[in-house]
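Both backbone and side-chain heavy atoms feed into the values below; hydrogens, waters and symmetry mates do not. We number each residue from 1, following the sequence as shown.
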Amino acid sequence: MKVRSTDNIIANNNIQKNKNAQAAKFPVQRNNFLSQNISTPSFKGLDPTTSLIDFWAAIARGGVAASFTVQDMLGTNFPRTYAALDRNKDITGKNNYKAAVEVAIREFTTGPSMFTIPALVLAGASRFSGTANRVPVDNIAAFSDIMKGTIDNLSQNEFKNGFKNMSANEAKEACNTIKKAFYKDVFKDIFNNYQTSDTPVNIDEYVELMMRSEHPDTPKRNFFQSMFNKRVKVFGKEVDSKDEIISKLSSKFVADKKARTNGWGNFLTAKVGSKEWKIDDIVDDLKNYSDDFTKQYVSAQRKDAKASGKIIAAKFIDSFKDNRIATRFITNVAMVVATSLFMCIIPKLYTRNATNPETDAIYAQVNQQRKGAVNENK
């Protein structure tokens, strides 16, 4: 979305109204007027306010990490590095490059590492023990409670014949069946909190958008495409990317919640369990939880079917919930410990000189003054 100055919009509207009025007064000249108006290009100067808004909108689309990093660089990293470059210049008459290098290493390492280190730990934990490690503990518990009802209903209908002799492709389809039913139950549960209108919510549209965003053929925008809001092209044709589909889902949610909520509130949040979460975060958590759960559940059922046994769904879900809550807690602790340890290493990275280059000139000046005082006393 491009933000335009309000003053520009009002001025342009007034100009257009005047042109239309003149054309109406002189109908003979109307065709000439219109053709001249169309053929003459309009050149506008650069609007600093609009450009600044567009810049920060691009940064915001880059996510929390990008927003924090850019603000950290503009607010502290560059100013502190410049200040270090100018340190003691009034004494030496020269730029303090040694101090600037040390400050730059310290500042440009500290900020990004606060996101990079936890992200690496989380990625490793998700790869090792499942994507549900990316889901907050409260949501793991809430989703597991909903999943019990989902699996119980599917066991009586779609999966009433069990998982015996199920092929690999049928197993994938079973995972998708669980996901669709689970997403439907979650969004039903969410809108039960806001149903103050007799108009029902089309939950199937949410399920369809979720499944479209997860489809392997749906492209994903890279970091710069997301920041600068560029569309993805497939065979020369623009198509919806994963994040654009999620954006449509968020817009639909806002419209549905507004229509069913009395008064004004935060329409970008939804209640899952006992807490409110941003709808975008809920969508990510739903995918990460369902990806992990469906793979584990279907795999376990297929193995157990070959052994002529029967896994009790409720016990499996409780076991899955306890396991993922435990690993998520351990992951949180590991992220804090890893980040703290790296912060302890940073001083060793930027300390490149035997003495502090920010105070060397001051100590040299003081020593020179002491020597002069000693010589005068002699």
Side-chain angles (χ1 to χ4, degrees), residues 56-78 104-141 143 210 213-214 216 218-230 232 241-247 249-250 268-269 272 275 277-293 295-296 323-350:
W56 284 112
I59 298 301
R61 285 192 293 269
V64 177
S67 299
F68 175 85
T69 301
V70 171
Q71 292 177 52
D72 190 41
M73 286 183 178
L74 295 179
T76 60
N77 297 4
F78 286 115
I105 294 174
R106 182 188 70 209
E107 296 297 329
F108 285 92
T109 304
T110 304
S113 65
M114 294 176 67
F115 286 93
T116 304
I117 302 300
L120 291 174
V121 174
L122 185 60
S126 300
R127 186 178 181 84
F128 177 74
S129 59
T131 55
N133 280 284
R134 295 180 177 273
V135 182
V137 170
D138 291 326
N139 278 358
I140 292 175
F143 290 160
M210 287 289 297
S213 69
E214 297 177 19
T218 303
K220 185 178 181 181
R221 292 199 290 188
N222 60 40
F223 178 76
F224 293 103
Q225 285 175 324
S226 297
M227 278 191 65
F228 298 105
N229 203 23
K230 299 295 184 182
V232 178
S241 61
K242 293 180 184 293
D243 63 304
E244 288 175 309
I245 294 172
I246 297 303
S247 179
L249 187 150
S250 300
L268 286 172
T269 63
V272 175
K275 291 189 176 182
W277 307 85
K278 288 178 63 177
I279 186 62
D280 289 349
D281 294 335
I282 291 175
V283 169
D284 287 339
D285 292 343
L286 276 173
K287 181 184 182 306
N288 289 325
Y289 178 89
S290 62
D291 279 347
D292 196 357
F293 176 84
K295 289 177 183 177
Q296 297 291 332
N323 182 276
R324 289 297 179 266
I325 287 176
T327 54
R328 172 68 194 199
F329 176 78
I330 294 171
T331 301
N332 289 343
V333 173
M335 287 191 289
V336 173
V337 172
T339 305
S340 301
L341 289 175
F342 187 78
M343 293 295 173
C344 294
I345 297 173
I346 289 177
K348 296 181 180 180
L349 298 177
Y350 70 79

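Using a 4.5 Å heavy-atom threshold, the side chains of Arg324 and Asp292 count as touching. When side chains are defined from C-beta on, Met335 does not count as touching Ile117, because their heavy atoms never get closer than 4.5 Å. Side-chain contact between Val121 and Thr339: absent, with no pair of heavy atoms (C-beta onward) separated by less than 4.5 Å. Residues Arg221 and Val232 form a side-chain contact, since some pair of their non-hydrogen atoms from C-beta on lies under 4.5 Å apart. When side chains are defined from C-beta on, Val337 counts as touching Leu341, because their heavy atoms get closer than 4.5 Å. With contacts defined as side-chain heavy-atom distances shorter than 4.5 Å, the pair Asp284/Arg134 does not qualify. Looking at Phe108 and Met73, their side chains come closer than 4.5 Å, going by heavy atoms from C-beta outward. Taking 4.5 Å as the limit, every side-chain heavy atom of Tyr289 sits out of range of all side-chain heavy atoms of Asn139.
Rounding to the nearest 0.5 angstrom, the gap separating the CD atom in Glu107 from the OG1 atom in Thr109 is 9.0 Å. For the atom pair CD1 of Ile245 and OG of Ser250, the computed distance is 12.0 Å after rounding to the nearest 0.5 Å. Between the CD1 atom of Ile140 and the CD1 atom of Ile325 there is a distance of 6.0 Å, given to the nearest 0.5 Å. Atom NZ of Lys278 is separated from atom OG1 of Thr269 by 10.0 Å, given to the nearest 0.5 angstrom. Between atom CG of residue Asp243 and atom CG of residue Leu249 there is a gap of 12.5 Å, rounded to the nearest 0.5 Å. If you take CG on Asn77 and OG1 on Thr110, they are separated by 8.0 Å, rounding to the nearest 0.5 Å.
Minimum heavy-atom separation, Phe143 to Ile282: CZ-O, 4.5 Å. Across every non-hydrogen atom of Pro118 and Ser113, the tightest pair is CD-O, 3.6 Å. Pairing each heavy atom of Val272 with each of Trp277, the nearest pair is O-NE1, 3.8 Å. Leu349 approaches Phe342 most closely through the heavy-atom pair CD1-CZ, 4.5 Å. Summarising the geometry of Ser241 relative to Thr218, their closest heavy-atom pair is C-CG2, 4.0 Å, with the distance given to 0.1 Å. Nearest heavy atoms, Thr131 versus Asn288: OG1-O, 2.6 Å.
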* To do: Determine, step by step, whether Ile246 and Lys242 satisfy the side-chain contact (heavy atoms from CB on, under 4.5 Å) criterion, reporting the C-alpha distance in whole Å, the side-chain angles of both residues, the deciding distance to 0.1 Å, and the verdict.
  => CA-CA 6 Å; Ile246 297 303; Lys242 293 180 184 293; 5.6 Å; no

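Every salt bridge (charged side-chain N to carboxylate O under 4.0 Å, His left out) that Lys287 has, sequence neighbours left out, goes to Asp291.
Ser213 contributes a side-chain N or O that, together with a main-chain N or O of Met210, makes up a donor-acceptor pair within less than 3.5 Å. Remark: the backbone N or O of Leu122 is paired with a side-chain donor or acceptor of Ser126 at under 3.5 angstrom.
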